[in-house]
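In what follows, every heavy atom counts, from backbone to side chain, and hydrogens, waters and symmetry copies are set aside.
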Amino acid sequence: MAAMYVDIVTPDDAALPGALLTEITGVYASAQAFHELTGDFPDAGDIRVPQVAAALADELAVPGSVVHLARVRGELVAVAVTLDHHPADPDDPDPWIGLLLVHGERRREGHGRALAGHLAARFREAGRTGLRLAVLDTDTAALTFWQALGYVPVDHRPDLRRGRECTVLRLPLAASREGRAEAGTAAGEN
């Protein structure tokens with residue numbers, strides 16, 4: 001797989017240019033099965049630029065949110081949204097992945113895994129000790145994907161938007177000194 005470049009959009013950024021919104025809409029529209037599960041769009045088979053612009057504006061209205069745009073050879077292959085903290089639980093110390101979508105034509109190429117790894121590394125480097133996300137109980141493919149990446153179920157509760165049943169998963173990010181030393185040796189560092 002070619003190298004992945006990830007750019008970010010924060011609440012401080014100006015409005016997204018139309019061409020970029022069109023690209024992002026392509027990723028959203030290609031995830032019809034996911035959107036049929038979530039019900040986040042009125043017609044999962046007809047997702048349009050204004051709807052995605054509104055969804056991104058809602059995401060970026062949450063303090064500490066960031067949209068990650070993953071590109072391979074210039075092509076937008078995946079989009080993720082992260083939050084520095086859970087918006088409804090100030091006692092939760094972990095950042096959250098609110099969304100990760102891979103373009104439908106680029107699935108099964110490792111882009112979701114690569115972007116998830118990038119997000120984990122970003123928060124690990126920032127000194128965070130865990131990373132969480134919630135998966136709809138009806139999305140068994142997503143549950144399998146995240147658990148294969150090492151995320152473990154830690155809670156079960158309704159989501160904030162619609163009260164849908166979700167499994168909360170967590171990935172521990174803090175490695176022990178021994179684990180980091182072993183990883184460095186395995187990578188050829190001395």
Side-chain angles (χ1 to χ4, degrees), residues 1-16 20 24 27 34 55-72 76-103 109-136 139 142-161 166-190:
M1 179 172 72
M4 178 178 280
Y5 170 77
V6 180
D7 197 10
I8 63 170
V9 178
T10 67
D12 297 331
D13 293 324
L16 295 173
L20 181 55
I24 295 169
V27 174
F34 172 75
L56 289 172
D58 288 348
E59 296 284 5
L60 289 170
V62 177
S65 63
V66 174
V67 176
H68 306 261
L69 305 173
R71 294 185 178 278
V72 173
L76 184 64
V77 296
V79 175
V81 177
T82 58
L83 304 133
D84 280 341
H85 298 281
H86 191 279
D89 187 357
D91 294 328
D92 182 350
D94 294 331
W96 282 68
I97 297 174
L99 176 73
L100 192 149
L101 290 176
V102 175
H103 194 290
E109 296 178 9
H111 302 304
R113 181 179 292 272
L115 182 53
H118 168 82
L119 299 174
R122 176 180 180 266
F123 286 113
R124 184 180 296 112
E125 289 168 8
R128 305 302 285 271
T129 59
L131 181 57
R132 294 183 193 225
L133 57 95
V135 175
L136 293 173
D139 194 348
L143 284 167
T144 300
F145 170 78
W146 291 107
Q147 288 177 320
L149 294 181
Y151 287 75
V152 295
V154 294
D155 197 4
H156 191 263
R157 60 183 171 198
D159 73 347
L160 295 176
R161 288 189 181 159
C166 293
T167 299
V168 175
L169 299 123
R170 183 177 190 271
L171 178 70
L173 295 179
S176 67
R177 284 187 160 173
E178 294 80 20
R180 283 194 298 264
E182 290 169 12
T185 302
E189 298 173 1
N190 289 325

Quiz prompt | Non-hydrogen atoms of Leu60 and Ser65 that approach each other most closely | solution = CA-OG, 3.2 Å
Practice problem: For side-chain contact (heavy atoms from CB on, under 4.5 Å), just list the numbers for Leu69 and Leu76, CA-CA rounded to whole Å, side-chain angles, deciding distance to a tenth of an Å, and then say yes or no. | Solution: CA-CA 7 Å; Leu69 305 173; Leu76 184 64; 3.8 Å; yes
Quiz item: Which heavy-atom pair separates Tyr151 from Leu133 by the least distance, and what is that distance?
Solution: CE2-CD2, 3.7 Å
Quiz prompt | salt bridge (Lys or Arg N to Asp or Glu O under 4.0 Å) against Arg157, all qualifying residues, sequence neighbours excluded | solution = Asp155
Exercise. Kindly give the heavy-atom pair with the smallest separation between Ala80 and Leu115, and that separation in Å.
Key: CB-CD2, 3.7 Å
Quiz item: Would Arg122 and Val66 count as a side-chain contact (heavy atoms from CB on, under 4.5 Å) if you check the C-alpha gap in whole Å, the side-chain angles of each, and the deciding distance to 0.1 Å?
Solution: CA-CA 12 Å; Arg122 176 180 180 266; Val66 174; 3.8 Å; yes
Exercise. For residues 77-86, pull every pair meeting side chain to side chain donor-acceptor pair (under 3.5 Å), keeping only residues two or more places apart or in separate chains.
Key: His68-Thr82
Quiz item: Mind checking what makes side chain to side chain contact (heavy atoms under 4.5 Å, CB included) contact with Pro93, not counting sequence neighbours?
Solution: none
Quiz item: What residues form a side chain to side chain contact (heavy atoms under 4.5 Å, CB included) with Thr129, not counting sequence neighbours?
Solution: Asp94, Arg170, Ala174
Self-check item: Which atom of Pro87 lies closest to which atom of Val62, heavy atoms considered
Solution: CB-CG1, 4.2 Å
Quiz item: side-chain hydrogen bond (donor to acceptor under 3.5 Å, both in side chains) with Trp146: which residues, sequence neighbours excluded?
Solution: none
Quiz item: What heavy-atom pair brings Pro153 and Gln147 nearest, and what distance separates the two atoms?
Solution: CG-NE2, 3.2 Å
Self-check item: Listed partners of Arg71 passing side-chain hydrogen bond (donor to acceptor under 3.5 Å, both in side chains), at least two apart
Solution: Glu23
Quiz item: Excluding sequence neighbours, so at least two apart, what forms side chain to side chain contact (heavy atoms under 4.5 Å, CB included) with Leu99?
Solution: Tyr28, Phe34, Val81, Leu101
Exercise. Taking the side chain as every heavy atom from C-beta outward, state whether Met4 and Val77 have any pair of such atoms under 4.5 Å apart.
Key: yes
Practice problem: Could you tell me which residues satisfy side-chain hydrogen bond (donor to acceptor under 3.5 Å, both in side chains) with Thr167, sequence neighbours excluded, listed by chain and number? | Solution: Asp137
Practice problem: Take Val168 and Trp96, measure what side-chain contact (heavy atoms from CB on, under 4.5 Å) needs, and give me the verdict at the end. | Solution: CA-CA 10 Å; Val168 175; Trp96 282 68; 3.6 Å; yes
Quiz item: Partners of Asp7 by side-chain hydrogen bond (donor to acceptor under 3.5 Å, both in side chains), sequence neighbours excluded?
Solution: none
Quiz prompt | side chain to side chain contact (heavy atoms under 4.5 Å, CB included) partners of Ala121, counting only residues at least two apart | solution = Arg124, Glu125
Quiz prompt | Which atom of Gly130 lies closest to which atom of Pro95, heavy atoms considered | solution = O-CD, 3.0 Å
Practice problem: Return the set of residues passing salt bridge (Lys or Arg N to Asp or Glu O under 4.0 Å) with Asp159 (not counting sequence neighbours), or none when no residue passes. | Solution: Arg164
Practice problem: To the nearest 0.5 angstrom, please state how far the CG atom of Leu119 sits from the CD1 atom of Ile97. | Solution: 5.0 Å
